**Q** 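Sending over a structure as structure tokens; questions will come in a sec.
Remember, it's a predicted structure, so these values are computed and weren't measured experimentally.
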Amino acid sequence: MSEAVRYIMSEGELKRKDNSLCFRKNGKNNYIPIEGLKELYCLNEISINTKLLDFLASNGVIIHFFNYYGSYSGTFFPRCKYISGRLTVKQAEKYIKDRNTIAKGIVKGIIENTGELLHSYYKYGNKDVKENMDYIREQSFVYLNKASNIKEILAVEGQVWIRFYDSLKHILNEEFEFDKRVKRPPDNPINAMISFGNTMLYTKVITQIYHTHLNQAISFLHEPSEGRFSLSLDLSEVFKPVIVYKTIFKLANKRIIRIGEHFDRSLDYCILNDEGKKIFISNINSKFEETFKHKKLNRKVSYSTAIKLDAYKLVKNILEEKKFKPFSLKEMV
């Protein structure tokens with residue numbers, strides 16, 4: 001697991017002790033070195049104080065909070081060093097003038113990456129995914145090119161995800177049944193992993209955008225609205241097939257996560273239990289840090305870096321009118 005990220009899964013108290021972080025649980029101190037730390041995830045009830053927040057801020061550490069169900073609660077940022085009024089004004093102008101173009105670019109990225117993921121199963125003999133794969137790779141592009149407003153663009157995106165979800169029953173281990181996407185709360189193990197994985201990806205994108213001058217509230221595919229970082233939702237979309245779904249397929253099909261051991265279920269919901277979260281986090285973090293040979297850059301980059309590169313591409317589109325083309329699996333050598 002990367003040294004730059006730490007996950008706290010237990011209840012306890014997190015505080016500053018000298019020049020380290022100290023997590024105290026069950027009467028015992030566990031020390032977390034501050035050096036090199038970039039992100040801290042709190043996935044249980046944690047007591048903190050302002051002295052700790054000041055220490056984290058002075059060391060540039062971002063801390064994300066989650067509730068018992070694994071849903072995102074919020075983020076504490078160090079004071080922002082990357083404020084740019086000029087870029088914010090340009091970003092708002094871009095939203096007004098070119099929202100549809102950028103939104104279409106994001107949906108094209110979703111189409112390419114969902115299509116490529118299904119094709120990776122098709123070419124190794126899974127013929128059941130062909131109908132949905134063909135629709136995504138061919139028909140959805142036709143509809144997207146015809147779309148003339150954001151409502152029509154979102155409709156194309158929605159159909160792509162419906163087709164992709166419909167393919168999961170042909171990919172997943174038969175033990176993991178999946179009929180449709182259900183959120184808030186998820187109703188079965190696959191929906192539980194999708195919700196948790198999407199949230200982990202969303203927070204990773206928040207962190208990466210924080211290190212740019214972009215304004216997290218001005219988005220293009222999702223409606224800019226109050227109370228959420230909608231630009232992070234935008235940039236996370238194309239990475240869902242690559243990071244979230246590849247992680248889920250691995251965990252389910254290799255039986256690393258098991259229905260009888262790693263989920264809490266009730267009549268109304270299903271969530272990963274503590275052991276399930278540990279397994280999922282370990283694997284999705286490995287995916288974030290996994291490197292690939294970038295065709296254009298001609299060097300290896302991690303998926304985590306690829307997220308930040310997409311943010312930089314958007315900056316170049318806003319300031320220099322360079323075409324915005326989000327990450328595609330086709331960029332990999």
Side-chain angles (χ1 to χ4, degrees), residues 1 7-12 41-46 64-75 110 114 117-118 121 126 128-129 132 157-158 160-206 222 227-228 232-233 236-237 239-288:
M1 198 173 282
Y7 300 88
I8 297 177
M9 308 290 296
S10 309
E11 286 186 42
Y41 286 75
C42 295
L43 291 118
N44 211 319
E45 291 187 14
I46 308 293
H64 304 290
F65 297 95
F66 296 74
N67 64 22
Y68 168 77
Y69 298 99
S71 299
Y72 174 70
S73 298
T75 297
I110 298 168
T114 51
L117 184 52
L118 293 184
Y121 284 88
N126 189 337
D128 292 330
V129 302
N132 287 328
E157 186 216 1
V160 170
W161 284 118
I162 288 172
R163 292 282 184 157
F164 182 74
Y165 295 144
D166 186 59
S167 305
L168 299 194
K169 61 180 179 286
H170 304 304
I171 296 173
L172 290 165
N173 176 343
E174 59 186 16
E175 182 185 9
F176 287 87
E177 295 181 5
F178 182 80
D179 294 324
K180 61 179 179 179
R181 179 75 177 105
V182 176
K183 314 174 189 176
R184 303 185 189 93
D187 64 344
N188 64 35
I190 292 299
N191 275 313
M193 286 195 284
I194 293 173
S195 292
F196 191 66
N198 286 347
T199 302
M200 297 304 294
L201 174 60
Y202 172 63
T203 51
K204 180 64 72 177
V205 177
I206 288 173
H222 296 82
R228 63 178 186 172
S232 294
L233 294 174
S236 68
E237 289 292 342
F239 290 94
K240 287 179 180 176
V242 185
I243 294 173
V244 177
Y245 287 96
K246 281 194 172 185
T247 299
I248 292 171
F249 295 165
K250 173 187 171 185
L251 294 175
N253 292 343
K254 293 188 175 181
R255 292 182 168 81
I256 298 170
I257 272 191
R258 293 179 287 278
I259 288 178
E261 297 177 38
H262 298 126
F263 296 90
D264 284 339
R265 307 186 76 155
S266 78
L267 288 176
D268 299 324
Y269 69 84
C270 175
I271 59 173
L272 285 157
N273 63 21
D274 287 347
E275 184 61 26
K277 285 177 187 173
K278 286 180 184 175
I279 294 170
F280 195 96
I281 286 171
S282 174
N283 281 273
I284 199 169
N285 199 60
S286 295
K287 181 58 75 175
F288 283 131

**Q** Look only at the side chain of N188 and the backbone of C270, and say whether a donor-acceptor pair between them is shorter than 3.5 Å.
**A**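 Pair absent, no side-chain N/O of N188 close to backbone of C270.
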**Q** Name the orientation class of the two ring planes belonging to F249 and Y245 (parallel below 30°, tilted from 30 to 60°, perpendicular beyond 60°).
**A**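 Plane angle between 30° and 60°, so tilted.
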**Q** Can you tell me if N132 uses its side chain to pair, donor with acceptor, with the backbone of F164 under 3.5 Å?
**A**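 The answer is no, because no donor-acceptor pair under 3.5 Å joins these two groups.
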**Q** Taking N44 for the side chain and I8 for the main chain, is one N or O donor matched with an acceptor at less than 3.5 Å?
**A**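 No.
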**Q** Checking the side chain of D274 only, and the main-chain atoms of M9 only, is there a donor and an acceptor separated by less than 3.5 Å?
**A**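 Checking the backbone N and O of M9 against the side chain of D274, no donor-acceptor pair under 3.5 Å is found.
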**Q** What do you reckon, is CG of D179 surrounded by more than 12 foreign heavy atoms closer than 6.0 Å?
**A**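 No, the 6.0 Å shell around CG holds no more than 12 heavy atoms from other groups.
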**Q** Taking side chain as C-beta onward, heavy atoms only, is W161 less than 4.5 Å from K240?
**A**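 Side-chain contact under 4.5 Å: yes.
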**Q** Determine whether K250 and K287 satisfy the following criterion, side chain to side chain contact (heavy atoms under 4.5 Å, CB included), listing intermediate values before the conclusion.
**A** CA-CA 11 Å; K250 173 187 171 185; K287 181 58 75 175; over 6 Å; no
**Q** Side chains of E175 and R255: closer than 4.5 Å at any heavy-atom pair?
**A**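 Yes - at least one pair of side-chain heavy atoms lies under 4.5 Å apart.
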**Q** Can you tell me how far the CD1 atom of I271 sits from the CG atom of D187, to the nearest 0.5 Å?
**A**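 Reported to 0.5 Å precision, the distance equals 13.0 Å.
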**Q** Which atoms form the tightest heavy-atom contact between S73 and N67, and what is the distance?
**A**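 Where S73 meets N67 most closely, the heavy atoms are OG-N, 3.3 Å.
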**Q** With a 4.5 Å limit on heavy-atom distance, are the side chains of I171 and L118 in contact?
**A**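 The answer is yes; the side chains approach within 4.5 Å.
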**Q** Can you tell me if CD on E177 sees more than 12 non-hydrogen neighbours from other groups inside 6.0 Å?
**A**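 Atom CD in E177 is not crowded, with 12 or fewer foreign heavy atoms closer than 6.0 Å.
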**Q** So does S232 get a backbone contact from the side chain of S236, meaning a donor-acceptor N/O pair under 3.5 Å?
**A**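 A pair under 3.5 Å: yes.
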**Q** Between I248 and F280, is there a side-chain heavy-atom distance shorter than 4.5 Å?
**A**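 Of all side-chain heavy-atom pairs linking I248 with F280, at least one is under 4.5 Å.
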**Q** In the structure I gave you, are the side-chain heavy atoms of F263 and M193 within less than 4.5 Å of one another anywhere?
**A**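 Side chain of F263 against side chain of M193, heavy atoms only: contact under 4.5 Å found.
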**Q** Would F178 and I194 count as a side chain to side chain contact (heavy atoms under 4.5 Å, CB included) if you check the C-alpha gap in whole Å, the side-chain angles of each, and the deciding distance to 0.1 Å?
**A** CA-CA 11 Å; F178 182 80; I194 293 173; 4.0 Å; yes
**Q** Working to the nearest 0.5 angstrom, can you tell me the gap between L272 CG and I279 CD1?
**A**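 If we round to the nearest 0.5 Å, L272:CG and I279:CD1 are 9.0 Å apart.
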**Q** With a 4.5 Å cut-off on side-chain heavy atoms, are F196 and I284 touching?
**A**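 Heavy-atom side-chain distance check fails, nothing below 4.5 Å.
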**Q** Distance-only, no hydrogens or angles: does the S195 side chain make a donor-acceptor pair with backbone N or O of A192 under 3.5 Å?
**A**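 Side chain of S195 to backbone of A192, a donor-acceptor pair under 3.5 Å: no, none is there.
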**Q** Rounded to the nearest 0.5 Å, what's the gap from CG on L43 to CE on M200? Could you check?
**A**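 L43 atom CG to M200 atom CE measures 6.0 Å (nearest 0.5 Å).
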**Q** How many angstroms lie between CG in L251 and CG in N283, if you round to the nearest 0.5 Å?
**A**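 If we round to the nearest 0.5 Å, L251:CG and N283:CG are 4.5 Å apart.
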**Q** Between F66 and Y41, how do the two ring planes meet: parallel, tilted or perpendicular, split at 30° and 60°?
**A**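 F66 vs Y41 ring planes: parallel.
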**Q** Do the side chain of N191 and the main chain of K180 share a donor and acceptor less than 3.5 angstrom apart?
**A**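 Confirmed, N191 side chain pairs with K180 backbone.
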